[in-house]
Amino acid sequence: IILVLGASGQIGTELTQKLRLVYGNNQVIASDIRVANEEIMTSGPFEIIDATNKEAILKVIQKYKVTQVYLLAAMLSATAEQHPQKAWNLNMNSLLAVLDLAKEKHIQQIYWPSSIAVFGPTTPKENTPQKTVMEPSTVYGISKVSGEFWCNYYHKKYGVDIRSLRYPGIISWKTKPGGGTTDYAVDIFFKAIKDKKYECFLSENTSLPMMYMDDAVNATIQLMMAKPEVIKIRNGYNLAAMSFSPKEIASEIKKYIPDFKISYNPDYRQKIADSWPASIDDSEARKDWNWQHNFDLETMTKVIIKEIQKL
Ligand code: VAH
């Protein structure tokens, strides 16, 4: 039985939907601090859980005999800069609660997302390697790099089967993201179709590692299904699919909406984006458990435009 913490979020929503498709609706308990979308609420069990409350999580684990937890509850980079203490509390205490529940053998396996945000201004920007300098300059990045070291510690010391991926910016159309720096790449599609124009909060040549939601969800489930012996990295696999700048995604959108106009008005999120790599080397994931992305900028743009126009 699987419990998803943070099932109302951008990734949590689509991950829950895919897990229910793969394992069956009643095998996947969705939970969040707030209710989820209609489909999540009606297609299988749902529980309101504060992911930082270990006792509350344990109660649901015992109620449904949960064996695996996917912890997607977190506060993302832009919001975390506005509420540092709240972000640290949510991002760290939810992870430590779930790690302890695994150490105490209440659950057998954990998925916890890390992020390219673990890298900072001193990290090599191009083709960033799996092992390199990690000096994050954002609250979110500090929580993710700390989380990575805790995951490694609990695996080495207590044998906890924790698995993790350093997600790039994730692009989706079904669920709006909340509070991320890469969220411009989601919003731009909706604004291009609705208004034929978009004012971007990052500068035009800000190239960032990105991935279409379907690739991120499939990578997550593929990692959790892999045999333990092939998992060589327990703090967070680099994961990549593409990199693009606002200028590049705008010109791709123009192939479908020729009179689309983009303007640039960088705000505080520019500093966050500038601290992150431009591209990632994910050869370890491709080697250890056959990771392979399916969507690049062209194929992703084609799908998203088509799907939003159907809404
Ligand atoms: C954010 N989407 O923008 C998240 C992610 C690498 C970006 O961490 O905060």
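Keep in mind that this is a model prediction, so the values were computed, not measured. Just follow the structure's listing: the first ligand is 1, and inside any ligand the first atom is 1.
Between Tyr237 and Trp289, a ring centre-to-centre spacing shorter than 6.0 Å is recorded.
The salt bridge (Lys or Arg N to Asp or Glu O under 4.0 Å) contacts involving residues 208-232 comprise nothing, where partners must be two or more places apart or lie in separate chains.
Near Ser115, meaning under 4.0 Å from any of its heavy atoms, are these atoms of ligand 1: 6 (C), 8 (O). Using a 4.0 Å cut-off to heavy atoms of Ser77, the atoms of ligand 1 that qualify are 1 (C), 3 (O), 9 (O). Residue-ligand proximity, Leu76 to ligand 1, at heavy-atom distances under 4.0 Å covers atoms 9 (O).
In this structure, Lys247 is not positioned above the aromatic face of Tyr264 in the sense of NZ or CZ being under 6.0 Å from the six-membered ring centre and within 45° of the axis. Taking the ring centre of Tyr111 as origin, the terminal cationic atom of Arg163 falls outside the region bounded by 6.0 Å and 45° from the ring axis.
The shortest N or O to N or O distance between Tyr140 and ligand 1 is under 3.5 Å. Residue contacts with ligand 1: Thr181 is placed with a nitrogen or oxygen under 3.5 Å of a nitrogen or oxygen of the ligand (distance criterion only).
Considering each of Leu208, Thr79, Thr182, the one bringing a non-hydrogen atom nearest atom 2 (N) of ligand 1 is Thr182.
Comment: Glu148 engages Arg166 in a salt bridge, judged by a side-chain N to carboxylate O separation of less than 4.0 angstrom.
Note on ligand 1: Ile116 sits in its first shell, one or more heavy atoms being nearer than 4.0 Å.
Looking only at distances, no side-chain donor or acceptor of Gln17 sits under 3.5 Å from a matching main-chain atom of Ile40.
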